[in-house]
Protein chains: 2
Amino acid sequence: MEQSAHILVVDDHRDIRELLSKYLSKNGFRVSDADGGVKMRQMLKTAAIDLIVLDVMMPGEDGLTLCRYVRENENIPVILLTALGEETDRIIGLEIGADDYLTKPFNPRELLARIKSVLRRSQSMPREAEKPNEPEVLTFDDWTLYVHQRELVSPDGVTVPLSAADYRLLVTFLKRPTMVLSRDQLLDLTSGRTAQIFDRSIDNQVSRLRKKIEEDPKNPRMIKTVRGGGYVFTAKVTGKVEDATFDDVDEENDI
Amino acid sequence: MEQSAHILVVDDHRDIRELLSKYLSKNGFRVSDADGGVKMRQMLKTAAIDLIVLDVMMPGEDGLTLCRYVRENENIPVILLTALGEETDRIIGLEIGADDYLTKPFNPRELLARIKSVLRRSQSMPREAEKPNEPEVLTFDDWTLYVHQRELVSPDGVTVPLSAADYRLLVTFLKRPTMVLSRDQLLDLTSGRTAQIFDRSIDNQVSRLRKKIEEDPKNPRMIKTVRGGGYVFTAKVTGKVEDATFDDVDEENDI
DNA sequence: CTCAGATTGATACAAACGGTTACAATTTCC
DNA sequence: GGAAATTGTAACCGTTTGTATCAATCTGAG
């Protein structure tokens with residue numbers, strides 16, 4: 001069932017970004033890059049990233065800071081690139097939660113091996129190990145989506161059955177309201193796939209979802225089409241983080 | 001009756017992990033690995049591990065700490081790998097509850113022998129000697145499962161008979177609510193088996209369990225299907241240990 | 001304003017996937 | 001030892017979802 005993994009390379013040097021992108025693409029991965037924290041966060045929001053390759057030495061927010069950020073806000077494995085071969089860096093990196101690290105200069109083949117190894121590991125785990133701090137209930141217009149229960153309740157209080165694809169698409173939209181998402185982005189975010197030429201599956205999926213949640217699917221009010229751009233979810237979305245059930249107690253603070 | 005045992009190798013050095021994994025696989029075991037405590041805990045949560053091979057010297061949480069954790073929270077035999085040939089380590093290790101230990105460098109064949117010996121020993125004991133600190137009563141929706149008694153009571157107060165497979169599957173779900181579990185994972189967690197191609201036994205088991213606990217088995221509310229992914233248990237689960245409320249297994253602070 | 005090309009929506013269809021039933025093999029329990 | 005229950009396998013069928021196709025709509029050039 002596996003699609004090629006989507007890797008995000010974060011480094012402030014363009015030459016390194018391009019080198020790595022080229023090399024990894026050639027080896028069958030889908031690759032995006034970012035020149036710093038801002039771009040990285042943006043990418044995380046608009047693409048389904050499977051693994052991040054992150055340079056430690058960067059102006060502005062450094063790699064360790066970003067690594068910690070990823071650890072706290074996403075559930076994506078990180079491989080750190082460090083210029084110093086120092087043990088301290090390694091230890092800090094692993095403590096902060098990097099999944100592996102590599103000291104520069106390194107052989108691209110080595111990086112490739114590490115990436116494959118980390119992916120193998122992370123895929124043997126439940127892919128949806130829940131991002132930390134995710135809301136469990138999302139409301140929009142007068143609709144309510146119970147995220148964990150995968151249950152959508154209409155303004156009338158009726159539960160509307162959602163297929164797996166409906167659900168994924170809806171969640172994708174709800175997490176990014178007012179953001180115009182291209183078909184490519186939507187495909188990546190919902191299924192982790194890359195669009196074929198003439199790929200219309202997203203159009204179709206949108207059409208199906210509209211039939212379920214739009215009052216008048218011919219004149220959609222929530223999922224608007226942006227001609228030449230993609231789709232936007234325009235309704236106001238509010239999220240609630242409910243009481244934690246025992247499964248997400250990652251706390252070790254006293255209560 | 002035995003399926004091959006599932007062994008978890010915990011070591012911070014990749015080369016050692018890979019070496020051991022390869023060697024043990026070649027000798028008929030199913031093997032997973034972890035590079036530290038975090039990954040180890042994740043693996044314990046998502047796979048049915050029969051034995052842990054644990055390196056003592058590791059950055060972050062060291063092997064002895066992890067060994068104690070396993071002893072307190074799981075019922076899985078541990079073999080410690082120690083770099084020092086010191087008597088103290090051995091004593092500490094055995095005091096902490098390791099089932100055996102090996103000093104590095106060691107011959108893989110030696111490890112193999114110890115593993116087989118420990119497994120033989122642990123299997124001659126009651127296999128399900130219950131994890132320490134496990135809740136005895138689990139409630140979900142308005143259902144109650146008395147874990148030790150293997151008794152499930154419906155919202156109406158009626159006791160619903162569960163077969164062994166029903167029980168194992170239900171407990172598997174109750175311990176991992178909101179977590180999407182693949183058929184492979186479910187098969188491993190419930191029966192310790194590896195899926196054959198076209199293995200539909202889990203589908204069937206889920207279907208049978210749904211008939212017993214879902215109000216409308218055709219529109220399941222608790223055990224949801226994730227197309228292409230597996231199944232999720234979506235109801236909120238609370239657990240009780242005797243009379244204290246149940247905190248999940250992530251704690252390592254004294255209470 | 002009109003028309004051609006491009007873009008999007010809707011429908012039809014096929015392949016893949018999952019639910020269910022029946023049945024056989026196995027175990028459990030009198 | 002035999003009946004009943006359990007559990008894996010196979011088969012059938014409904015649903016889901018991607019692709020193809022055609023109609024509707026939009027855009028911009030003339």
Side-chain angles (χ1 to χ4, degrees), chain A residues 1-3 150 152 160-170 172 180-184 186-232, chain B residues 1-3 150 152 159-170 172 180-232:
Chain A
M1 85 173 198
E2 287 313 320
Q3 190 72 15
R150 303 186 161 230
L152 178 66
V160 178
L162 289 182
S163 76
D166 292 334
Y167 169 81
R168 285 199 307 265
L169 182 61
L170 180 58
T172 299
V180 179
L181 297 166
S182 71
R183 286 167 175 66
D184 278 9
L186 285 168
L187 199 64
D188 183 27
L189 289 165
T190 54
S191 349
R193 286 188 304 148
T194 310
Q196 316 283 42
I197 39 172
F198 300 138
D199 196 319
R200 301 287 306 281
S201 61
I202 283 296
D203 298 60
N204 212 293
Q205 208 49 60
V206 168
S207 173
R208 281 166 176 145
L209 183 55
R210 276 178 176 156
K211 274 189 219 157
K212 296 194 178 180
I213 68 171
E214 295 281 1
E215 204 164 347
D216 175 13
K218 306 268 178 182
N219 291 66
R221 297 180 20 130
M222 298 192 276
I223 304 176
K224 291 256 164 79
T225 305
V226 179
R227 195 182 178 79
Y231 299 93
V232 217
Chain B
M1 79 172 201
E2 284 315 319
Q3 188 72 12
R150 304 193 158 220
L152 179 66
T159 296
V160 177
L162 289 183
S163 76
D166 291 335
Y167 169 80
R168 285 198 308 263
L169 182 60
L170 179 58
T172 299
V180 179
L181 297 166
S182 71
R183 283 158 227 278
D184 278 10
Q185 289 175 325
L186 286 168
L187 201 63
D188 181 29
L189 289 164
T190 55
S191 351
R193 286 189 303 146
T194 312
Q196 316 283 43
I197 39 172
F198 299 139
D199 197 319
R200 301 285 307 279
S201 60
I202 283 295
D203 298 61
N204 214 281
Q205 208 50 61
V206 167
S207 174
R208 281 165 176 145
L209 184 55
R210 275 178 176 157
K211 270 190 232 161
K212 296 193 177 180
I213 68 171
E214 294 281 1
E215 202 165 347
D216 175 12
K218 306 268 177 181
N219 291 64
R221 297 185 22 116
M222 298 193 276
I223 304 176
K224 290 257 162 85
T225 305
V226 181
R227 178 174 253 254
Y231 299 93
V232 218

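The sequence lines fix the lettering, A, B, ..., with proteins before strands; numbering per chain opens at 1.
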Partner set under side-chain hydrogen bond (donor to acceptor under 3.5 Å, both in side chains) for D184(B), not counting sequence neighbours: none
L162(B) side chain near R150(B) side chain, heavy-atom distance below 4.5 Å: no
Residues in salt bridge (charged side-chain N to carboxylate O under 4.0 Å, His left out) contact with K211(B), at least two apart in sequence or another chain: none
N/O donor-acceptor pairs under 3.5 Å from side chains in residues 217-232 of chain B, not counting sequence neighbours:
{"from": "K224(B)", "atom 1": "NZ", "to": "Q149(A)", "atom 2": "O", "distance (Å)": "2.5"}
{"from": "T225(B)", "atom 1": "OG1", "to": "R210(B)", "atom 2": "NH2", "distance (Å)": "2.8"}
{"from": "Y231(B)", "atom 1": "OH", "to": "R183(B)", "atom 2": "NH1", "distance (Å)": "3.2"}
{"from": "Y231(B)", "atom 1": "OH", "to": "D203(B)", "atom 2": "OD2", "distance (Å)": "3.4"}

Under the side-chain hydrogen bond (donor to acceptor under 3.5 Å, both in side chains) test, residues paired with D199(B) that sit two or more places apart: S201(B)
Rounded distance (Å) that lies between atom P of dG19(C) and atom NZ of K224(B): 13 Å
5' precedence on DNA chain D between A165(B) and S201(A) (nearest-nucleotide basis): A165(B)
Protein-to-nucleotide contact annotation, 5' to 3' order, nucleotides 6-13 of chain C [B base; S sugar-phosphate only; - none; under 4.0 Å, heavy atom]: BBBBSBB-
Non-neighbouring partners of R208(B) that pass salt bridge (charged side-chain N to carboxylate O under 4.0 Å, His left out), sequence neighbours left out: none
Boundaries of the DNA chain D segment in contact with chain B, non-hydrogen, under 4.0 Å: dT6(D) to dT17(D)
All side-chain hydrogen bond (donor to acceptor under 3.5 Å, both in side chains) counterparts of S163(B), not counting sequence neighbours: D166(B)
Check against side-chain contact (heavy atoms from CB on, under 4.5 Å), V160(A) and I213(A): CA-CA 9 Å; V160(A) 178; I213(A) 68 171; 5.8 Å; no
Along DNA chain D (nearest heavy atom to each residue), the more 5'-positioned of K212(B) and I202(A): K212(B)
Beyond-backbone contact of T172(A) with L186(A), side-chain heavy atoms, under 4.5 angstrom: yes
Terminal axis angle for the helix from dC1(C)-dG30(D) to dC30(C)-dG1(D), five pairs an end, nearest 10 degrees: 30°
N/O donor-acceptor pair under 3.5 Å between R193(B) side chain and L187(B) backbone: no
